[in-house]
S.K.: 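The structure under discussion is supplied below as structure tokens; questions concerning it will follow.
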Amino acid sequence: MDRKEILSGKKRIVIKVGTTTITYDETGNINLDKLEKFVRILINLRNKGKEVIVVSSGAVGIGRNVLGLEHKPETEAAKQACAAVGQGRLMMIYEKLFNEYSQLTAQVLLTKESITNKECRRNARQAFDELFRMKVVPIVNENDAISVDELAYGNFGDNDTLAAYVAKLVDADLLILMSDIEGLYTDDPKKNPNARFIHTVSTIDGKLEQMAKGASSEYGTGGMATKIKAAKIATGIGADMVIANGDNIYTINDIMAGKKIGTLFLSKEHRKEMKMEMSPEKAQYRRQAKRQKKEAAKPLANTEKVEALINAGEEKKQVEEQKEQ
Ligand SMILES: Nc1ncnc2c1ncn2[C@@H]1O[C@H](COP(=O)(O)OP(=O)(O)O)[C@@H](O)[C@H]1O
Ligand SMILES: N[C@@H](CCC(=O)OP(=O)(O)O)C(=O)O
């Protein structure tokens with residue numbers, strides 16, 4: 001099973017854009033050009049018969065700019081005010097762009113309760129179902145002006161996590177997180193030049209979680225840590241998830257076409273299928289590597305250890321040669 005098979009047949013897609021994707025780094029102003037392209041991509045997906053939900057950040061950042069604040073709002077009240085001003089501006093622009101193509105859109109502002117409270121969750125699901133039926137594209141954000149807890153960005157409140165909960169709420173089969181970076185690395189590449197890119201993740205474990213650090217930009221909030229949290233939620237409910245760079249917004253089309261772009265987190269179903277599809281040679285190689293690792297960990301006398309390592313190297317070489325033949 002390859003990426004194309006996994007991604008091209010997706011039906012219900014949640015796409016999250018971070019503040020850094022829809023604004024200019026230098027000024028924090030809205031990148032209208034990119035937003036327009038984004039809206040066209042969304043409408044095109046709809047035209048192909050897909051159902052799309054947008055989770056759009058930007059309220060706080062845009063509000064901060066509209067209000068002319070030089071620095072990130074520090075107090076709770078300042079964040080609330082920025083979000084209230086910015087959300088209106090953001091929706092006004094989305095509305096205008098969608099309207100150019102006669103595509104209806106809707107604002108859905110969620111709070112923690114929309115997910116944690118059973119009744120609120122049912123109401124939210126009902127609203128999304130009806131919007132889908134009416135072929136409207138919902139644009140979701142947190143209700144930052146009143147959700148003070150969420151604005152702390154400590155527990156529930158970041159849009160990566162929110163997007164995953166939305167995917168869960170509507171039973172989406174794909175979650176795309178457009179970020180300011182092309183995907184997950186073994187460490188934050190902005191701080192560690194030796195960090196290596198990870199194309200596919202099938203298991204999210206403690207080691208992987210440790211690789212994912214916080215945000216390092218002026219406008220970003222969650223960093224990679226919240227994206228891993230989102231991946232756990234999304235893949236757990238059977239949705240695949242892709243993190244990709246929003247610099248080139250057309251990347252969304254490439255992801256949908258199954259091109260090897262960004263980091264793909266496999267849903268639990270695809271994880272199982274991949275395991276079953278592992279070739280006997282690869283399975284043998286894995287078993288052998290595991291055995292060697294175990295052997296090397298055994299306390300041996302120094303000379304024995306050296307001998308064991310040499311033998312292990314030879315054995316590995318032989319398996320690799322056999323594989324190549
Ligand atoms: N292991 C990692 N791999 C990639 N990026 C990482 C990693 N750890 C931390 N980061 C940081 O996460 C940032 C992306 O998250 P964030 O700043 O919240 O932006 P956005 O909201 O646009 O996704 C990257 O720019 C990078 O500095
Ligand atoms: N709800 C907030 C965004 C929170 C958030 O996660 O932001 P980001 O890291 O830019 O996706 C807002 O609209 O400003």
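Whatever order the structure lists them in is the order used to number ligands and atoms, beginning at 1. Predicted model only: the values in this text are computed from it and were never measured. Side-chain atoms are counted along with the backbone in the values below, which use heavy atoms only and exclude waters and symmetry mates.
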S.K.: Rounded to the nearest 0.5 Å, what's the gap from OG1 on Thr235 to NZ on Lys232? Could you check?
M.R.: 9.5 Å

S.K.: Heavy-atom contacts with Gly18 under 4.0 Å: which atoms of ligand 2 show up? List them by number with element.
M.R.: 10 (O), 11 (O)

S.K.: Quick one: do Lys135 and Glu51 make a salt bridge, cutoff under 4.0 Å?
M.R.: no

S.K.: Exactly one of Asn44, Leu174, Ile13 should register a side-chain contact (heavy atoms from CB on, under 4.5 Å) with Lys50. Which one does?
M.R.: Ile13

S.K.: Number the atoms of ligand 2 from 1 as they appear, then name those within less than 4.0 Å of a heavy atom of Ser57, with their elements.
M.R.: 3 (C), 5 (C), 7 (O), 8 (P), 10 (O), 11 (O), 13 (O)

S.K.: What about Met211 and Leu177, same hydrophobic cluster or not, with Ile/Leu/Val/Met/Phe/Trp/Tyr joined at side-chain heavy-atom distances under 4.5 Å?
M.R.: yes

S.K.: Identify, by atom number and element, the atoms of ligand 1 in contact range of Thr20, meaning under 4.0 Å from any of its heavy atoms.
M.R.: 19 (O), 20 (P), 22 (O)

S.K.: Answer with yes or no whether the hydrophobic clustering places Val14 together with Val136; edges join I, L, V, M, F, W, Y residues whose side-chain heavy atoms lie under 4.5 Å apart.
M.R.: yes

S.K.: I'd like to know whether ligand 1 has Lys191 as a neighbour, heavy-atom separation below 4.0 Å.
M.R.: no

S.K.: Looking at ligand 2, is there an atom of it that comes within less than 4.0 Å of some heavy atom belonging to Gly58?
M.R.: yes

S.K.: Against heavy atoms of Pro189, which atoms of ligand 1 measure under 4.0 Å?
M.R.: 3 (N), 4 (C), 5 (N)

S.K.: Looking at Arg12, Lys11, Arg125, which one forms a salt bridge (charged side-chain N to carboxylate O under 4.0 Å, His left out) with Asp171?
M.R.: Arg125

S.K.: What pairs with Asp173 under salt bridge (charged side-chain N to carboxylate O under 4.0 Å, His left out), at least two apart in sequence or on another chain?
M.R.: none

S.K.: Looking only at heavy atoms, is any part of Asn159 under 4.0 Å from ligand 2, and if so is it the side chain, the backbone, or both, or is it neither?
M.R.: both

S.K.: Is it true that Gly214 lies under 4.0 Å from ligand 1, counting heavy atoms only?
M.R.: yes

S.K.: Do any heavy atoms of Gln87 fall under 4.0 Å from ligand 2?
M.R.: no

S.K.: Does any N or O of ligand 2 fall below 3.5 Å from an N or O anywhere on Thr19, backbone included?
M.R.: yes

S.K.: Of all the heavy atoms in Gly246, does at least one lie under 4.0 Å from an atom in ligand 1?
M.R.: no

S.K.: Polar-atom distance check: Ile181 versus ligand 1, any N or O pair below 3.5 Å?
M.R.: no

S.K.: Please confirm whether Asn141 comes within less than 3.5 Å of ligand 2 when only nitrogen or oxygen atoms on both sides are compared.
M.R.: yes

S.K.: Please tabulate, one pair per line, all N/O donor-acceptor pairs under 3.5 Å involving side-chain atoms of residues 87-101, not counting sequence neighbours.
M.R.:
unit_1, atom_1, unit_2, atom_2, d
Gln87, OE1, Asn141, ND2, 2.9
Gln87, NE2, Gln107, OE1, 3.1
Tyr94, OH, Ser56, OG, 2.9

S.K.: Please name the residue in the list Thr251, Val52, Ile249 that meets the side-chain contact (heavy atoms from CB on, under 4.5 Å) test with Ile41.
M.R.: Ile249

S.K.: Could you pull out the closest heavy-atom pair between Ser267 and Asp240, with the gap in Å?
M.R.: N-OD1, 2.8 Å

S.K.: Under 4.0 Å from a heavy atom of Asp158: give me the atoms of ligand 2 that qualify, with their elements.
M.R.: 6 (O)

S.K.: Please indicate whether any nitrogen or oxygen in Ala59 is less than 3.5 Å from any nitrogen or oxygen in ligand 2.
M.R.: yes

S.K.: Report, in ascending order of atom number, the atoms of ligand 1 lying under 4.0 Å from any heavy atom of Asp187.
M.R.: 1 (N), 2 (C), 3 (N)

S.K.: Less than 3.5 Å apart, any donor N or O on the side chain of Ser147 or Asp144 sitting next to an acceptor on the other?
M.R.: no

S.K.: Using a 4.0 Å cutoff against the non-hydrogen atoms of Gly223, which atoms of ligand 1 qualify?
M.R.: 12 (O), 15 (O), 16 (P), 18 (O)

S.K.: Quick one: do the Asn29 and Tyr24 side chains pair a donor with an acceptor below 3.5 Å?
M.R.: no

S.K.: Going by heavy-atom distance to atom 19 (O) of ligand 1, choose the closest among Asp160, Asp180, Thr21, Thr186.
M.R.: Asp180

S.K.: Kindly compute the distance separating OH (Tyr165) from CG (Asn159), expressed to the nearest 0.5 Å.
M.R.: 13.5 Å

S.K.: Does any N or O atom in Lys16 lie less than 3.5 angstrom from one in ligand 2, N or O only?
M.R.: yes

S.K.: Give a yes/no verdict on whether any heavy atom in Gln210 is under 4.0 Å from an atom of ligand 1.
M.R.: no

S.K.: To the closest 0.5 Å, what do you measure between CG (Leu175) and CD1 (Ile233)?
M.R.: 9.5 Å

S.K.: Classify the contact between Val60 and ligand 2 as side chain, backbone, both or neither, using a heavy-atom distance cut-off of under 4.0 Å.
M.R.: both

S.K.: Check each heavy atom of Met224 against ligand 1 and say whether those closer than 4.0 Å belong to the side chain, the backbone, both or neither.
M.R.: both

S.K.: Is the closest side-chain heavy-atom distance between Tyr185 and Asn192 below 4.5 Å?
M.R.: no

S.K.: What atoms of ligand 1 come closer than 4.0 angstrom to any heavy atom of Lys16?
M.R.: 21 (O)

S.K.: Quick test of your reading of the structure: of Asp188, Leu177, Leu184, whose heavy atom lies closest to atom 26 (C) of ligand 1?
M.R.: Asp188

S.K.: Number the atoms of ligand 2 from 1 as they appear, then name those within less than 4.0 Å of a heavy atom of Asp144, with their elements.
M.R.: 1 (N), 2 (C), 12 (C), 13 (O)

